[in-house]
Amino acid sequence: MVRASIKDALRYEHPLMQYTSFRVGGRADVFAEPSNILQLQEVLRYGKDEGLDISVLGKGCNTLISDRGVRGLVVRLSGGFFNRVERRGPGIVVSGGGASLPRLVRRAARWGLEGLEPLVGVPGSLGGAVAMNAGGKYGAVGSHVRSVTAIGYDGELHYYEKDGIDFGYRSSSLSNLIILEVELELKRGDRGAISRRMSGIFQEKNMTQPLASKSAGCVFKNPKGLSAGALIDKVGLKSARVGDAVVSCKHANFIVNVGSATASQILELIYRIKDEVKKQFGLMLDTEIKVW
Ligand SMILES: Cc1cc2nc3c(=O)[nH]c(=O)nc-3n(C[C@H](O)[C@H](O)[C@H](O)COP(=O)(O)OP(=O)(O)OC[C@H]3O[C@@H](n4cnc5c(N)ncnc54)[C@H](O)[C@@H]3O)c2cc1C
């Protein structure tokens, strides 16, 4: 039975395409956007009582959702509590798991706090960024995390100091949890210098990546010491196309949706790339994006 307190937070057979940067994907059996922790706990209890599989979606910038949709309950943090970005103390920023990462990066720069500049141009939520340890060649978010408050799918709250969290290359030990709040530790710096560094990194990305296209960023992780994009280029798949899913000619590790691509078309291109790289280089590329 659905309690009155979460009735408005639940949607049935809800389309998910609008919540992903690829703009593809089917419907969730049940979709919930709780706006505070109590409501989230109620939603999780409902999911458990109904025996539903639970998944958490951030801003969908690193996720490919199947055309057949997602079975079970998809939770997306929204609303003031999960979106807030606050400065506490000289170098501490506390932010909700659903907060926009670009907004947080801009705020920190405006406050004269340095460390997040490598994340300029990375879309998504802070929760998604911490779960994925988002970053690039100049650094990743994990090195600035001081603590994380998260909730298990069973509704239990957890608190981790940085030493209790493992961050890897585009991964963290926080999977199967919903990140509610992150405390970041940043250094005080010169506002002008931070802003110049951010502009430099953004310009570099903008010149080499199709930032304005519908994509989910890099599709594959770089194999140790190698560039996945360069390998894809070498096997001749730059600009390869399946329907409206195209390997970007600007950066071969991006697949872009140039019109109305489907998840199946994107997946077909992913398999083609994996096959060709395996055939020509004997390497199995590992997907960075999450496929649901
Ligand atoms: C144009 C473009 C450029 C990009 N450039 C970069 C880049 O330079 N570096 C980089 O690392 N990434 C990059 N990305 C990928 C993406 O922006 C990041 O991975 C981002 O951190 C994903 O955040 P999200 O909220 O969209 O996550 P989603 O795609 O919604 O989710 C990703 C994963 O995180 C989990 N997750 C989401 N929210 C939470 C939460 N609150 N608690 C626990 N788990 C959660 C999901 O379950 C899923 O497994 C780029 C993407 C695009 C479209």
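Order of listing sets the numbers, starting from 1, for every ligand and every atom in it. All values below were derived from every heavy atom in this structure, side-chain atoms included, with hydrogens, water molecules and symmetry-related copies excluded.
Taking distance alone, with nitrogen or oxygen atoms compared against 3.5 Å, Lys59 approaches ligand 1 more closely than that limit. Taking only nitrogen or oxygen atoms, main chain and side chain alike, Gly121 does not reach within less than 3.5 Å of ligand 1. Where the criterion is an N or O separation shorter than 3.5 Å, residue side chain and backbone included, Gly58 meets it with respect to ligand 1. Any N or O atom pair closer than 3.5 Å counts here, and Val56 shares at least one such pair with ligand 1. Distances between N or O atoms of Gly217 and those of ligand 1 include no value under 3.5 Å.
Residue Ala216 touches ligand 1 through its backbone alone, judged by heavy-atom distances below 4.0 Å. Looking at Leu101 against ligand 1, nothing comes within 4.0 Å, counting heavy atoms. With a heavy-atom cut-off of 4.0 Å, Tyr138 does not touch ligand 1 at all. With a 4.0 Å cut-off on non-hydrogen atoms, Pro123 touches ligand 1 through its backbone as well as its side chain.
Remark: ligand 1 atoms within the under-4.0 Å shell around heavy atoms of Arg170 are 11 (O). Proximity to Leu177 (heavy-atom distance under 4.0 Å) selects the following atoms of ligand 1: 42 (N), 43 (C), 44 (N). If you number the atoms of ligand 1 from 1 as listed, the ones under 4.0 Å from a heavy atom of Lys290 come out as 48 (C), 49 (O). Those atoms of ligand 1 with a heavy atom of Gly124 less than 4.0 angstrom away are 23 (O), 24 (P), 25 (O), 26 (O). Within ligand 1, counting atoms from 1 as listed, the ones closer than 4.0 Å to a heavy atom of Leu57 are 30 (O). Ligand-side atoms of ligand 1 in range of Gly127: 38 (N), 39 (C), 40 (C), 41 (N), range being under 4.0 angstrom from any heavy atom.
The pair Arg76-Glu33 meets the salt-bridge criterion, since a charged nitrogen lies less than 4.0 angstrom from a carboxylate oxygen. Salt-bridge formation is not detected for the pair Glu114/Arg197: no Lys NZ or Arg NE/NH1/NH2 atom is positioned less than 4.0 Å from an Asp or Glu carboxylate oxygen.
Relative to atom 35 (C) of ligand 1, the option among Ala131, Ala134, Ala150, Ser172 with the closest non-hydrogen atom is Ala131. Relative to atom 19 (O) of ligand 1, the option among Val182, Leu211, Leu126, Asn62 with the closest non-hydrogen atom is Asn62. Counting only non-hydrogen atoms, the option in Ala129, Ser125, Gly96 that gets closest to atom 25 (O) of ligand 1 is Ser125. Atom 5 (N) of ligand 1 has its nearest heavy-atom neighbour, among Ile151, Thr63, Ile201, Val122, in Val122.
Closest heavy-atom contact between Val141 and Ala129: CG1-O, 3.4 Å. Val120 and Lys205 get closest at one heavy-atom pair: O-NZ, 2.8 Å.
Side-chain atoms of Ser172 come within 3.5 Å of backbone N or O of Ala131 as a donor-acceptor pair.
Residue contact annotation: Trp292 has a non-hydrogen atom under 4.0 Å from ligand 1. Using a 4.0 angstrom heavy-atom cutoff, Ser215 counts as in contact with ligand 1.
Summary of contacts: the protein heavy atom closest to atom 9 (N) of ligand 1 is Gly135 O, 2.7 Å.
In this structure the side chain of Val24 never reaches within 4.5 angstrom of the side chain of Thr262, judged on heavy atoms.
Distance OG1/Thr149 to NE2/His158: 11.0 Å, rounded to 0.5 Å.
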